[in-house]
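Here is the structure we will look at.
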Amino acid sequence: MTIHISTKIHSSAKIDEGARIGKNCLIGPFCSIPAGVQLEDEVELLSHVALSGQTFIGSKTKIWPFSSIGHQPQDLKFSGETSELIIGTSNKIREGVSINPGTFGGGGVTVVGNDCLFMLGSHVGHDCKLGNRIILANNAALAGHVVLEDGVHVGGLSGVHQFVRIGEGAFIGALSMVNKDVIPFGMVYGDRARLMGLNLVGLRRKGFKTAVINDLKTAYEDLFSEKGTLKSRLNDINPDGNPLVDKLLTFITGDNDRSLLSP
């Protein structure tokens, strides 16, 4: 067990041999940190936080009470194999959140990026790959093997089907069930979710110029027109140096077996 002298630990917390805790961490009442867990500098566990497995938590991440981080995946094929959970820096993990590690069949690791917010009761399943600045609102749930690129927002009480990819900057409205891939910057909602357009508000907030956004709108309209096949429409779209259009085309032509949500 390695605990930096600057870390403060409540007397009721349980820390096993083999845990590693960095500088200036705060470990609150009734937290559990077993062997195999590593906390980087300035991690804060408020109280009643249960960690498990081969779990790495990046610096300045804060975890609220009754969260379950790194416990056995909810996968009947899981047979106790060693797997990992890697959580980046400056994340906020609110009350009752659960994040599972990977499985042998999914590559053995779940990854969460930096500066994400997981609101109360949200869930990240095994073998998920999450980018940076992601928000999961209250009780949103990701099944296994889901990929969320940077800046995705998932509304409250929404669910994402296993193996679905959601592209950068996409917005999933509350109470949505997403069972197909979502294009970057897409706007999605519905009990069986449909693509309702582009996340124009999000694009403007990120400072993209009007001309760049308009080119993306044109590419979107061309892509989902009724002329020809999807493949032929893709070939007709020219990014012409527009980074948003380039990301859209790269995502769609990426290696994945699931179909796209469409308007």
Side-chain angles (χ1 to χ4, degrees), residues 116-119 121-125 127-206 208 210 212-237 239 242-263:
C116 300
L117 169 60
F118 301 92
M119 295 187 189
S122 55
H123 172 70
V124 178
D127 303 294
C128 287
K129 304 292 185 291
L130 276 60
N132 305 317
R133 302 177 305 281
I134 286 167
I135 296 176
L136 298 190
N138 293 7
N139 297 297
L142 310 180
H145 313 278
V146 166
V147 174
L148 302 188
E149 295 184 352
D150 293 347
V152 171
H153 291 194
V154 181
L157 295 165
S158 294
V160 180
H161 195 281
Q162 65 255 34
F163 295 101
V164 160
R165 297 180 303 148
I166 299 182
E168 178 181 342
F171 187 94
I172 311 301
L175 298 168
S176 298
M177 178 58 221
V178 182
N179 61 357
K180 296 180 181 179
D181 288 354
V182 178
I183 61 169
F185 318 109
M187 175 76 75
V188 167
Y189 58 88
D191 58 353
R192 279 297 181 266
R194 300 293 298 274
L195 183 63
M196 300 298 183
L198 294 170
N199 183 13
L200 299 177
V201 172
L203 288 168
R204 294 188 185 108
R205 285 176 177 171
K206 290 180 179 179
F208 288 107
T210 300
V212 175
I213 295 174
N214 286 340
D215 286 347
L216 177 64
K217 289 168 64 178
T218 299
Y220 174 89
E221 292 165 359
D222 292 343
L223 179 65
F224 292 107
S225 71
E226 296 182 356
K227 300 176 182 178
T229 63
L230 176 62
K231 184 176 180 179
S232 66
R233 296 194 296 269
L234 277 171
N235 291 334
D236 290 339
I237 297 173
N242 186 310
L244 301 184
V245 177
D246 185 62
K247 287 178 181 179
L248 175 65
L249 299 180
T250 299
F251 181 89
I252 294 173
T253 57
D255 184 18
N256 199 61
D257 296 330
R258 299 195 74 82
S259 56
L260 290 172
L261 278 184
S262 58

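Keep in mind that what you see is a predicted model, and the values were worked out from it rather than measured. These values consider heavy atoms only, across backbone and side chains, with no hydrogens, waters or symmetry-generated copies.
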> Going through the checks in order, is the side chain to side chain contact (heavy atoms under 4.5 Å, CB included) test met by V154 and V178?
Replying inline: CA-CA 10 Å; V154 181; V178 182; over 6 Å; no

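Interatomic distance, CE of M187 versus CG of L200, reported as 7.0 Å (0.5 Å rounding). Rounding to the nearest 0.5 Å gives a distance of 10.0 Å between OG of S232 and CD1 of I237. The OG atom of S122 lies 11.5 Å from the CD1 atom of I134; values are rounded to the nearest 0.5 Å. Distance CD1/I183 to CG/L223: 6.5 Å, rounded to 0.5 Å. Taking CZ from F185 and CG from L203, the interatomic distance works out to 6.0 Å, rounded to the nearest 0.5 Å. Here L157 contributes atom CG and M177 contributes atom CE; the two are 13.0 Å apart, rounded to the nearest 0.5 Å.
Considering only residues two or more places apart in sequence or on other chains, E168 meets the side-chain hydrogen bond (donor to acceptor under 3.5 Å, both in side chains) condition with K247. Not counting sequence neighbours, the partners of K206 by the side-chain contact (heavy atoms from CB on, under 4.5 Å) test are F208. In this view, T253 and L234 satisfy the side-chain contact (heavy atoms from CB on, under 4.5 Å) rule, not counting sequence neighbours.
Considering only heavy atoms from C-beta on, L130 comes within 4.5 Å of L142 through its side chain. Using a 4.5 Å cut-off on side-chain heavy atoms (C-beta onward), L136 and V124 make contact.
In terms of heavy atoms, A137 sits closest to G155 at CB-C, 3.7 Å. Scanning all heavy atoms of the two residues, the minimum distance from P239 to L249 falls at CG-CD1, 3.6 Å. Considering all non-hydrogen atoms of both residues, A143 and C128 come closest at O-SG, 3.1 Å. In this structure, E149 and V152 approach most closely via the heavy-atom pair O-CG2, 3.1 Å. Contact record, L195 with L261: CD2-O, 3.8 Å, taken as the closest heavy-atom pair. Contact between I135 and M119 at its shortest, heavy atoms only, is CG2-CE, 4.0 Å.
Sorted by first and then second residue, the side chain to side chain donor-acceptor pair (under 3.5 Å) pairs with a member in residues 180-197 read R165-D181, D181-N256; sequence neighbours excluded. Listed by first and then second residue, the ring-ring contact (aromatic ring centres under 6.0 Å, His included) pairs involving residues 131-174 are H126-H145, H145-F163 (not counting sequence neighbours).
A distance-only check finds a donor-acceptor pair linking the side chain of N242 to the backbone of V212 [under 3.5 Å]. Judged by distance alone, the side chain of D150 and the main-chain N or O of G131 form no donor-acceptor pair under 3.5 Å. Put simply, the side chain of S158 gets close to the backbone of L175: a donor and an acceptor are under 3.5 Å apart. A side-chain donor-acceptor contact under 3.5 Å links S176 to the backbone of G190.
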Donor-acceptor contacts, no H, no angles, side chain residues 213-222, under 3.5 Å, sequence neighbours left out:
| residue | atom | partner | partner atom | Å |
| --- | --- | --- | --- | --- |
| N214 | ND2 | T210 | O | 3.4 |
| T218 | OG1 | N214 | O | 3.1 |
| Y220 | OH | G197 | N | 3.4 |

